[in-house]
Peer 1: 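Dropping a structure here in structure tokens format, bear with me for questions.
These values consider heavy atoms only, across backbone and side chains, with no hydrogens, waters or symmetry-generated copies. In each ligand, atom 1 is the first atom listed, and ligand 1 is the first ligand listed.
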Amino acid sequence: MATMNRERSEDSAFAAGRNSWNRHYHNSVVQPLLTDLYQITMAYAYWKSGKIDDNAVFDLFFRTNPFQGEFTIFAGLEECLKFLDSFHYSETDIEYLKHALPQGIEDDFFEYLSQLTAKEVTLYAIEEGSVAFPRVPLIKVVGPLIIVQLLETTLLTLVNYASLMATNAARYRMVAGKHIHLLEFGLRRAQGPDGGLSASKYSYIGGFDGTSNVLAGKLFNIPVKGTHAHAYITSFTGIDELKTRVLQHKEDGTTRDILELAMEHRTNLASVLDVSTDESSEGELAAMVSFAIAFPDGFMALVDTYDVKSRTCWLVRQLAAIRRIVSQLDLISSSHCHLASPRLLTRSGLLNFCAVALALNDQGYRAIGIRIDSGDLAYLSCLARETFERIAERFKLPWFSKLTIVASNDINEDTILSLNEQGHKIDCFGIGTHLVTCQRQPALGCVYKMVEINNQPRIKLSQDVGKVTMPGSKNVFRLYGADGHALIDLLQRVDENPPEVGQKVLCRHPFQESKRAYVIPTNVEPLYRVYWTDGRVAQVLPSLEEVRERVQASLKTLRQDHKRTLNPTPYKVAVSDNLYNFIHELWLQNAPIGELA
Ligand SMILES: Nc1ncnc2c1ncn2[C@@H]1O[C@H](COP(=O)(O)OP(=O)(O)OP(=O)(O)O)[C@@H](O)[C@H]1O
Ligand SMILES: O=P(O)(O)OC[C@H]1O[C@H](OP(=O)(O)OP(=O)(O)O)[C@H](O)[C@@H]1O
Ligand SMILES: O=C(O)c1cccnc1
Ligand SMILES: [Mg+2]
């Protein structure tokens with residue numbers, strides 16, 4: 001839909017193939033030293049205190065959903081598996097650690113580190129792209145204590161931002177609706193280059209249609225799309241600068257001067273639209289003509305650059321223009337486009353664009369559309385659409401009314417909701433800063449907690465009940481209700497029998513004794529799969545496209561009230577009666593009895 005538009009190519013050497021794991025791209029920053037120092041100092045202390053054969057279970061989970069929402073999209077799993085696959089301290093890593101760690105560390109420890117791999121680790125996880133809820137471990141890692149401890153920080157950094165980003169993108173998709181195109185434009189504003197790449201990848205998974213980030217396109221086979229910047233328009237000051245003016249007809253090859261055609265159309269349009277051409281910028285016209293000649297099949301223009309007076313004046317003129325057109329055409333209901341001033345409309349960006357689009361049409365090409373990057377996006381999109389419709393009718397070019405309107409400029413979830421309420425005619429949002437920086441919540445608080453060691457459960461107590469960990473190795477099941485929606489996630493001890501369809505199961509709040517309910521599930525979905533065991537990935541991993549589809553399918557299983565933006569209903573996460581009693585016994589055993597003086 002935009003000028004430079006490279007769709008997925010199935011034969012791309014970089015594509016994540018359906019049945020083959022994409023090992024082509026491994027982020028070289030993700031390596032064992034991408035961790036906190038304390039993991040390695042702990043590893044030494046574990047090693048020195050003879051814990052080398054200890055086995056542990058760790059849970060990776062978050063405690064609250066981001067963005068004041070009631071769901072999270074789990075993402076980052078494939079990268080975690082790549083990390084396990086390549087886990088190995090290189091010679092230079094070991095050399096570095098010899099300097100970085102405190103003096104006195106025995107050489108045998110470094111020898112031990114140099115042999116360490118993730119071969120003895122088993123990793124269970126819920127499917128990447130699934131909706132997930134607080135306290136349900138997204139990942140369970142089982143294996144030798146030292147290695148599973150060493151994985152903590154890296155697994156967290158791989159899951160936290162990925163899941164936050166995918167959730168953010170999914171929320172933008174929900175408010176925009178399924179018919180609006182969403183493009184990620186955030187690289188320039190992202191938290192560094194790696195943040196930018198991750199943002200592009202996980203916003204695609206979350207439901208965006210493409211990115212402007214070219215490297216993300218190459219590495220992840222995501223559609224790359226874009227328009228052009230204000231600089232392109234401002235780089236031309238007048239029509240004399242045009243080196244090429246001619247364009248061959250798409251079919252018959254005859255050559256015409258596009259500038260000349262555009263100027264004729266502009267004069268004509270000015271009278272059709274009842275405006276003057278006095279204020280239209282010649283530099284802008286030249287820029288648009290040159291861009292149209294470069295991309296005759298993909299002409300898309302930024303229409304808000306010029307402004308012979310000021311942007312504000314421009315906006316006022318634009319708004320006035322809508323009123324004028326509306327009153328002339330009586331096409332838009334007043335509830336849709338509320339107009340501000342009776343003055344005349346812009347005579348620059350939109351007029352120049354339409355003139356060039358008509359010139360291209362003379363040569364057998366169809367323009368793509370416009371981008372608006374400032375001002376009142378609801379008003380301006382209505383103005384543009386009305387102008388397009390008017391021209392479509394006047395010149396008997398029905399496609400003109402369907403030209404794409406892209407809007408950008410500091411858009412966030414609330415802006416889209418507000419634009420929806422106002423009524424807009426935007427087809428595509430280009431979203432950067434607020435999407436990639438996750439403006440409403442900059443981090444998802446995933447943690448990684450030990451729940452078992454040498455088959456003995458471990459519990460971490462806290463004054464804050466919400467922070468008490470769920471001890472022991474657990475299984476998770478999603479129970480579905482009579483209406484087919486997901487009803488509750490149930491955590492059980494691993495040795496319990498799974499819940500069964502049609503059989504009553506007691507679901508308990510993990511910490512509040514009186515909160516419990518019987519559920520008769522219509523469907524029981526075991527959430528865990530083994531993804532890594534015996535030193536290998538144990539599943540056929542889905543492609544990025546499949547994970548993206550999984551997100552939408554998984555969101556559909558949630559009731560609408562869990563997904564609404566304002567005061568959504570919390571989704572229930574429960575424990576079995578058995579796990580409840582187990583937690584509370586262990587809690588009592590571990591909580592010291594106080595003394596009152
Ligand atoms: N109709 C609208 N309803 C709600 N928010 C809007 C609407 N139109 C635009 N916005 C948002 O309002 C903000 C306007 O930004 P700002 O005040 O910087 O104006 P601007 O038009 O970008 O100015 P400039 O011409 O200097 O670029 C942006 O965040 C934009 O997404
Ligand atoms: O607004 P965002 O959601 O971050 O989307 C990306 C922005 O990046 C570009 O311009 P840039 O912001 O660099 O300059 P401008 O605001 O002066 O146009 C583009 O025109 C968008 O405005
Ligand atoms: O292609 C675009 O229009 C684009 C790309 C990045 C940032 N802003 C806009
Ligand atoms: Mg901007």
Peer 1: Taking distance alone, with no angle check, do Arg371 and ligand 2 share an N/O pair under 3.5 Å?
Peer 2: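 Yes - when backbone and side-chain N and O of Arg371 are compared with those of ligand 2, one distance drops under 3.5 Å.
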Peer 1: Compute the minimum heavy-atom distance from His434 to ligand 2 and say whether it is under 4.0 Å.
Peer 2: no
Peer 1: Taking only heavy atoms of Gly375 into account, list the atoms of ligand 1 that are under 4.0 Å away from them.
Peer 2: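 Counting from 1, the qualifying ligand atoms are 8 (N), 9 (C), 20 (P), 21 (O).
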Peer 1: Determine whether Glu284 and Ser348 satisfy the following criterion, side-chain hydrogen bond (donor to acceptor under 3.5 Å, both in side chains), listing intermediate values before the conclusion.
Peer 2: CA-CA 8 Å; Glu284 182 182 62; Ser348 202; 2.7 Å; yes
Peer 1: Measure across Thr211 and Ala216 and return the closest heavy-atom pair with its distance rounded to 0.1 Å.
Peer 2: CG2-CB, 4.2 Å
Peer 1: With a cut-off of 4.0 Å, which atoms of ligand 2 are near a heavy atom of His230?
Peer 2: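 This gives 18 (O) as the contact atoms.
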Peer 1: List every atom of ligand 1 that sits less than 4.0 Å from any heavy atom of Ala378, numbering the atoms from 1 in the order shown and giving each element.
Peer 2: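 In order of number, 1 (N).
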Peer 1: Hey, does Phe236 have a side-chain heavy atom less than 4.5 Å from the side chain of Ser290?
Peer 2: yes
Peer 1: Is ligand 1 under 4.0 Å from a heavy atom in the side chain of Asn412, in the backbone, in both, or in neither?
Peer 2: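 Neither part.
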Peer 1: Under 4.0 Å from a heavy atom of Arg189: which atoms of ligand 2 are those, numbered in the order shown and with their elements?
Peer 2: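 What qualifies from ligand 2 is 4 (O), 11 (P), 12 (O), 13 (O).
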Peer 1: Before you tell me yes or no, could you show the steps for Asn65 and Thr72 under side-chain hydrogen bond (donor to acceptor under 3.5 Å, both in side chains), namely the whole-Å CA-CA distance, both residues' side-chain angles and the distance that decides it to 0.1 Å?
Peer 2: CA-CA 6 Å; Asn65 289 301; Thr72 297; 2.7 Å; yes
Peer 1: Run the side chain to side chain contact (heavy atoms under 4.5 Å, CB included) check on Gln552 and Arg173 step by step: do they pass?
Peer 2: CA-CA 10 Å; Gln552 296 310 319; Arg173 168 53 70 203; 4.0 Å; yes
Peer 1: When you check the side-chain N and O atoms of Gln422 and Ser418, is any donor under 3.5 Å from an acceptor?
Peer 2: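 Side-chain D/A pair, Gln422 to Ser418: present.
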Peer 1: With respect to Asp427, which candidate in Lys402, Arg371, Arg385 satisfies the salt bridge (Lys or Arg N to Asp or Glu O under 4.0 Å) definition?
Peer 2: Arg385
Peer 1: Looking at Lys563 and Glu70, is there a salt bridge between them, counting it only when a charged N and a carboxylate O are closer than 4.0 Å?
Peer 2: no
Peer 1: Taking 4.0 angstrom as the limit and counting only heavy atoms of Asp410, give me the atoms of ligand 2 inside it, by number and element.
Peer 2: 1 (O), 2 (P), 3 (O)
Peer 1: For the atom pair CZ (Arg189) and OG1 (Thr433), what is the distance rounded to the nearest 0.5 Å?
Peer 2: 4.0 Å
Peer 1: Is there at least one pair of N or O atoms, one from Ile431 and one from ligand 2, spaced under 3.5 Å apart?
Peer 2: no
Peer 1: Distances under 3.5 Å, N/O of ligand 3 against N/O of the protein: list each pair and its distance.
Peer 2:
from: ligand 3; atom 1: 1 (O); to: Thr227; atom 2: N; distance (Å): 2.8
from: ligand 3; atom 1: 3 (O); to: Thr227; atom 2: N; distance (Å): 3.4
from: ligand 3; atom 1: 3 (O); to: Thr227; atom 2: OG1; distance (Å): 2.4
from: ligand 3; atom 1: 3 (O); to: Arg371; atom 2: NE; distance (Å): 3.2

Peer 1: Using a 4.0 Å heavy-atom threshold (strictly under), name the region of His424 that reaches ligand 1: side chain, backbone, both or neither.
Peer 2: neither
Peer 1: Do you know which of Glu128, Glu184, Glu79 makes salt bridge (Lys or Arg N to Asp or Glu O under 4.0 Å) with Lys201?
Peer 2: Glu79
Peer 1: Under 3.5 Å, N or O to N or O, is Thr433 touching ligand 2 that way?
Peer 2: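 Yes: some nitrogen or oxygen of Thr433 is under 3.5 Å from one in ligand 2.
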Peer 1: Would you indicate which of Leu419, Leu380, Asn409 comes nearest to atom 22 (O) of ligand 1 when only heavy atoms are counted?
Peer 2: Asn409
Peer 1: Show the atoms of ligand 1 that are less than 4.0 angstrom away from any heavy atom in Ser418.
Peer 2: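 Once the distances to Ser418 are compared, the set is 3 (N), 4 (C).
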Peer 1: Do Arg171 and Phe67 meet the cation-pi criteria used here (NZ or CZ under 6.0 Å from the six-membered ring centre, within 45° of the axis)?
Peer 2: no
Peer 1: Taking NZ, NE, NH1 and NH2 as the nitrogens, is one of them in Lys250 or Asp297 under 4.0 Å from a carboxylate oxygen of the other?
Peer 2: yes
Peer 1: Which atoms of ligand 1 are found less than 4.0 Å from any heavy atom of Asp376?
Peer 2: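 Per the distance check, 1 (N), 2 (C), 8 (N).
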Peer 1: Indicate, as side chain, backbone, both or neither, the part of Thr415 found under 4.0 angstrom from ligand 1 when only non-hydrogen atoms are considered.
Peer 2: side chain
Peer 1: For the backbone of Leu377 and the side chain of Ser381, can you confirm whether one donor and one acceptor N or O come within less than 3.5 Å of each other?
Peer 2: yes
